[in-house]
Protein chains: 2
Amino acid sequence: MEDEKTHCSDGEGCRRILEAAENLFADKGFDAASMNAIAARAGISKANIYHYFPNKDALYLAVLRAASGNLRALLAEAVASHGSVTEVLRHFAKSHLEALLERPRLVRLVWREVLEKGAPRARELAEQGFAGVFSALVDILVVGQERGELRPDFDPALVASLLIGANVFFFQARDILRHYPPVHFADDPAAYDEGLVDLLLRGLEAAHGGQPNPVR
Amino acid sequence: MEDEKTHCSDGEGCRRILEAAENLFADKGFDAASMNAIAARAGISKANIYHYFPNKDALYLAVLRAASGNLRALLAEAVASHGSVTEVLRHFAKSHLEALLERPRLVRLVWREVLEKGAPRARELAEQGFAGVFSALVDILVVGQERGELRPDFDPALVASLLIGANVFFFQARDILRHYPPVHFADDPAAYDEGLVDLLLRGLEAAHGGQPNPVR
DNA sequence: CAAGCAACCGACCAGACGGTCAGCCTCATT
DNA sequence: AATGAGGCTGACCGTCTGGTCGGTTGCTTG
């Protein structure tokens, strides 16, 4: 009554199914990843997949659920806060991007779900992973403002969106950025985030020893 | 010998095929958009599509080629430069995002191609649209630095990537940003870019009336 | 030993897929 | 009036899809 139908999480065979499905779904998308291909990749028969999962959608959902959980756990480490707000910010940017690059398949899998307009298969699931990171980052910025370490006259949500967006974009466009001559940071994400945060802090940091002058 | 096989660009019927295909490819992706569905949407028979295009891939390529061209033309207007560098920058950010939001199907179509790892169907094509905007923006920033309007100690490519990335991210994540309480700019892209550029200029602008102090 | 049950498979199904083909209609050229 | 070519179609093909079914293992429980 509890495990419904997806009584997975135990069997060895089941793990291989999920693993194979994750790879194929992430690489090719839902439609292009056939059950035959998944079965072959997992080294089992197709019929056996249907012993564990009632249909393709359920398998996809299970894969996405697992991926979403893993990704959230991975990203949670990025928002571990200690030290001054600016230090926390630097640490966040760096480890957030590192987390994305460390497990590209997970990110592609979840983000694909965000982009898909046609089928709201599991939007909520994908959004959850986003929600945690986003609100944690907003909290960091608000604390920074309350402490007086950061200007009070900017929108924390906007900065959070900008920071996360810059990292997501780097992750997505890395390959095409790589062969633009003026880009030298495509293979050095740490340098990217360092420059990025430097740039932002210029505008975010309260003027040293003076009251902040309002924007505009 | 010139038009190879895709002798389109004339017939009325052909235009409808391309239009229907663009819609379906953009909404559902290559695999999920069937030739039957495209034909139905275009109001013609499936066989007729094969009168104009040798196969599905060629049709997709033609759609992508057209979309890429249109998108590039649309984005080209965003980099029309006049006035001071900071004005140009504000104008770019605003109209670049507006262009993205104005033709979401085009953007999704082209960007999907960038994200797809499995099949390099037409990466180059998608990248071309990106190249123009990116290098134009870098040029703007370099000019700003040469004129002394912008700090000389930041990486123009990094800022360009950040700016474009922020817009692309806004475009992609808009729907999920919309229902986060701290986000008030999801339905106001102009406000988003205004805040964004304000934020950046704080760090980019040369200090008024003083020599710029080096970063770090 | 027998019963039972989860794991697993080969063979199969109806339907949808991309793609082909013979032929019809229209219309400009001769 | 005859011709031929392009726009267009319904019927069809082989293949592959998601999904089912009957049956065979092999381990656990009585």
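Just so you know, these numbers come straight off a predicted model, no measurement behind them.
- Between Y192(A) and F185(A), the angle of the ring planes lies from 30° to 60°, which puts this pair in the tilted group.
- When rounded to the nearest whole Å, the span between CG of N48(B) and C1' of dG23(C) equals 14 Å.
- The ring pair (Phe, Tyr, Trp, His ring centres under 6.0 Å) test applied to F92(B) returns H96(B), not counting sequence neighbours.
- You'll find the side chain of V168(B) stays beyond 4.5 Å of the side chain of V107(B), heavy atoms only.
- Every residue meeting the ring pair (Phe, Tyr, Trp, His ring centres under 6.0 Å) condition with F134(A), not counting sequence neighbours, appears here in chain and number order: F130(A), Y180(B).
- K46(A) contributes a side-chain N or O that forms a donor-acceptor pair with the base of dG19(D) under 3.5 Å.
- I17(B) places its CD1 atom 16 Å from the P atom of dG6(D), with the value rounded to the nearest Å.
- Residue N55(B) contributes atom CG, which lies 14 Å from atom C1' of dC17(C) at whole-angstrom precision.
- Counting non-hydrogen atoms of neighbouring residues, nucleotides and ligands closer than 6.0 angstrom, the NZ atom of K56(A) exceeds 12 such neighbours.
- Protein atom NE2 of H51(B) is 15 Å distant from nucleotide atom C1' of dT20(C), rounded to whole Å.
- In this pair, F169(A) and W111(B) present their aromatic rings parallel. The plane angle is below 30°, not in the 30 to 60° band.
- Put simply, Y50(A) has no side-chain N or O that comes within less than 4.0 Å of OP1 or OP2 on dC21(D).
- For DNA chain C, the residues of residues 28-37 of chain B within the heavy-atom distance limit of 4.0 Å (strictly under) are A33(B), S34(B), M35(B), N36(B), sorted by number.
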